[in-house]
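All remarks here apply to the structure that follows.
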Amino acid sequence: MSELFIYNSYTREKEKFESLVPGHAGLYVCGPTVSGESHLGHARPYITFDVVYRYLTHLGYKVRYVRNITDAGHFEEEGRVAEDKVATKAQLERLEPMELVQKYTNLYHWGMRAFNNHEPSIEPTATGHIIEQINMIQDIIKKGYAYEVNGSVYFDVKKYAEKYPYGKLSGRVLEDQLETTRDLDGQDEKRNKADFALWKNAPPEHIMRWTSPWGEGFPGWHIECSAMSSKYLGQTFDIHGGGMDLQFPHHESEIAQSTIAHGHAPVRYWMHNNMITINGKKMGKSYNNVIKLTELFSGNHPMLEQAYHPMVVRFYILQTHYRSTLDFSNEALQASERALKRLWEAYEVLKKLVHPGNAEAADSKLDAEVITKCKECDDFMNDDINTAKVIGNLFELVPVINSIKGGQIATNALSASTHALLLQTFKTYIQDILGLQPLQVQQGDKIDQVLSLLIDIRRDARTRKDFATSDQIRNKLSEAGITLKDEKDGSVSYTIE
RNA sequence: GGUCGCGUAGCCGAGUGGCUAGGCAAUGCUCUGCAAAAGCAUCUACAGCGGUUCGAAUCCGCUCGCGACCUCCA
């Protein structure tokens, strides 16, 4: 049996995955900052690591999957500003930070459900772990790697770099960082430009604030992940995932903080997914080219030619290896939609096929080929979660399935065990590991009865060669989004959009 | 400017030095009352130039083009 290898961004090599505790695996993924709506770019890490989570589970690991929610910081909403500059403003008129956070957390959860992402085992919030963060900061100060200035606390990167390989994860040289000419907030307070904030003093107008040993303020961006991951997964844990754009400074800082606080590096395997691009450019806030999930699912965006089902988006993302960039286009999404329909229909056909039960394959060559294609799926997943190759193989099996149904391939061509393997492979991969769901609306009994009636009437018409009537039924149903298919065996099946 | 990565057929996209990935689109054929679906077949590409090698999309060098990070960012 082959073993799982994953590409470790830290060592830049594919490494054999061995969990810290046999049989258990710890997975931490950077979750969203809930100060705005999730967009297509955000979908990628959550779908990617959902598959990682599913696959580890499939391999038999008991996985603890932690995905945080960043709900602390400078939060604003268009038209309403969280930083209330008028102290006398009525409570209900100003924006409550938690109100904003609640709204976007709900929307985010809605998106995750639509994508059929499993819920994480623990979904900790930054605001719920202020004490843990303060404790960790105090610890770092005590160990001499952080200093306080005017109610803010900064991590001493220069000192850290003397002893530890700062910049290794992101491939950066500290000297370059020290020479940066950027003019950033709080730059004057820092000893060095590369230092980052662990705790920020809150100006009077900042509503989101907590009491700390350094006065009222709020935690720095990086500390929450370190505090929460160590709390729930331990000071060393297996996999930390996130987007490539988080490598620096976010993940680099996490490593530095945790290394000082705990005396060793926090993460054994770093995994980073690549970006989704649009017209060649990264989709991101700064580029003003985002397509929000609500827009994507409704088609309500100038760049969208149609609405795209969440499963189509999921499939589209999984058709590419997670470390490659993925370019958005209507054409690509539409291709994914057709492809997914084809794959799913083949799966439905396969579920209904009845195998005659022969233990020996009538076509041993085909039989061997099918076995190979099925088994290869495991190898592909084990090779750094290559969902693109898995999907490729599934598609190579589609003609086999359709041909058995269509009669081009004999029903006894495959042995009973190979047939079972084929069905098992499709089920395991399509549903359990890739986490796909049917696009088709689940029809109720009543619709089913009505359609049966129409199909019967049409069948009678066809028998009488009254094609005008039969075509009318088919065309009208088609306009309503219901497609009738005359099967070879004389039966009629239908799909509802 | 520094660091890293990418450039694959009409489009998307996988590719570990040698054996047509795959999807979508297109064309032809088969099946069908006609469709749809399905099956079969066709379309055989690796930015350019040079090098290593019996053999390179895959390794090395150079050139051109594109992008990411260096600042909030999935």
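Naming convention: chains lettered A, B, ... in sequence-line order (proteins, then strands); numbering from 1 in each chain. These numbers come from the heavy atoms of this one structure, side chains and all, not from hydrogens, waters or symmetry mates.
Summarising the geometry of A/Glu252 relative to A/Pro165, their closest heavy-atom pair is OE2-O, 4.4 Å, with the distance given to 0.1 Å.
Taken residue by residue, residues 454-462 of chain A places heavy atoms nearer than 4.0 Å to RNA chain B at A/Arg458, A/Arg462. RNA chain B lies under 4.0 Å from at least one heavy atom of each of the following residues of residues 39-50 of chain A: A/His39, A/Gly41, A/His42, A/Pro45.
Under the Watson-Crick and G-U wobble criteria, each requiring two contacts below 3.5 Å, nucleotide B/C43 is left unpaired. Across all strands shown, B/C66 pairs with B/G5; the Watson-Crick or G-U wobble distances both stay below 3.5 Å. B/U32 is unpaired under the Watson-Crick or G-U wobble criterion, no partner having all donor-acceptor distances under 3.5 Å.
Side chains of A/Asn393 and A/Tyr429: no donor on one and acceptor on the other come within 3.5 Å.
Taking 3.5 Å as the limit, the base of B/C69 and the side chain of A/Ser170 contain no donor-acceptor pair of atoms between them. Judged by atom type and distance alone, A/Arg12 does not reach the base of B/C4 through any side-chain donor-acceptor pair under 3.5 Å. One cannot find a donor-acceptor pair under 3.5 Å joining the base of B/C11 and the side-chain atoms of A/Asn330.
Counting non-hydrogen atoms under 4.0 angstrom, A/Ser286 reaches a base of the nucleic acid. Among the protein residues, A/Tyr316 comes within range of no part of the nucleic acid, since none of its heavy atoms lies under 4.0 Å from any strand. The residue A/Leu343 sits apart from the nucleic acid: no heavy atom pair falls under 4.0 Å. Using a 4.0 Å heavy-atom criterion, one finds that A/Lys465 contacts no nucleic acid atom at all.
Scanning for side chain to side chain contact (heavy atoms under 4.5 Å, CB included) contacts around A/Leu423 gives A/Leu350, A/Lys351, with sequence neighbours left out. With sequence neighbours left out, the side chain to side chain donor-acceptor pair (under 3.5 Å) criterion links A/Arg459 to A/Asp456. Under the side chain to side chain contact (heavy atoms under 4.5 Å, CB included) criterion, A/His118 pairs with A/Asp50, A/Tyr53, A/Arg54, not counting sequence neighbours. Partners of A/Tyr164 by side chain to side chain contact (heavy atoms under 4.5 Å, CB included), not counting sequence neighbours, listed by chain and number: A/Tyr145, A/Tyr160, A/Thr259, A/Ile260. The side chain to side chain donor-acceptor pair (under 3.5 Å) search around A/Asp245 returns A/Lys282, not counting sequence neighbours. Judged as a side chain to side chain donor-acceptor pair (under 3.5 Å), and not counting sequence neighbours, A/Glu331 has no contacts. Evaluation of the salt bridge (Lys or Arg N to Asp or Glu O under 4.0 Å) rule for A/Glu123 yields A/Arg67 as partners, not counting sequence neighbours. In this structure A/Glu396 satisfies the side chain to side chain donor-acceptor pair (under 3.5 Å) test together with A/Lys373, sequence neighbours excluded.
Look at CE on A/Met275: it is 5 Å from C1' on B/A74, rounded to the nearest Å. Between the C1' atom of B/G15 and the CG atom of A/Asp383 lies a distance of 11 Å, rounded to the nearest Å. Between A/Phe248 atom CZ and B/C72 atom C1' there is a gap of 13 Å when expressed in whole angstrom units. Per the geometry, NZ belonging to A/Lys485 stands 18 Å off P belonging to B/C34, to the nearest Å.
A side chain to side chain contact (heavy atoms under 4.5 Å, CB included) with A/Leu414 is found for exactly one of A/Ile409, A/Leu366, A/Leu421, namely A/Leu366.
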Each nucleotide of nucleotides 17-29 of chain B classed B (base within 4.0 Å of a protein heavy atom), S (only sugar-phosphate) or -, in 5' to 3' order, makes ----BSSSS----

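In terms of position on RNA chain B, the residue among A/Asp327 and A/His250 whose nearest nucleotide sits closer to the 5' end is A/Asp327.
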Compile the donor-acceptor pairs under 3.5 Å between side chains in residues 318-328 of chain A and protein atoms, sequence neighbours left out, one pair per line.
unit_1	atom_1	unit_2	atom_2	d
A/Gln319	OE1	A/Ser336	OG	2.9
A/His321	NE2	A/Asp384	OD2	3.3
A/Tyr322	OH	A/Asp384	OD1	2.6
A/Tyr322	OH	A/Asp384	OD2	3.3
A/Arg323	NE	A/Asp384	OD2	2.9
A/Arg323	NH2	A/Asp384	OD2	2.8
A/Asp327	OD1	A/Thr277	OG1	2.6
A/Asp327	OD1	A/Gly280	N	3.3

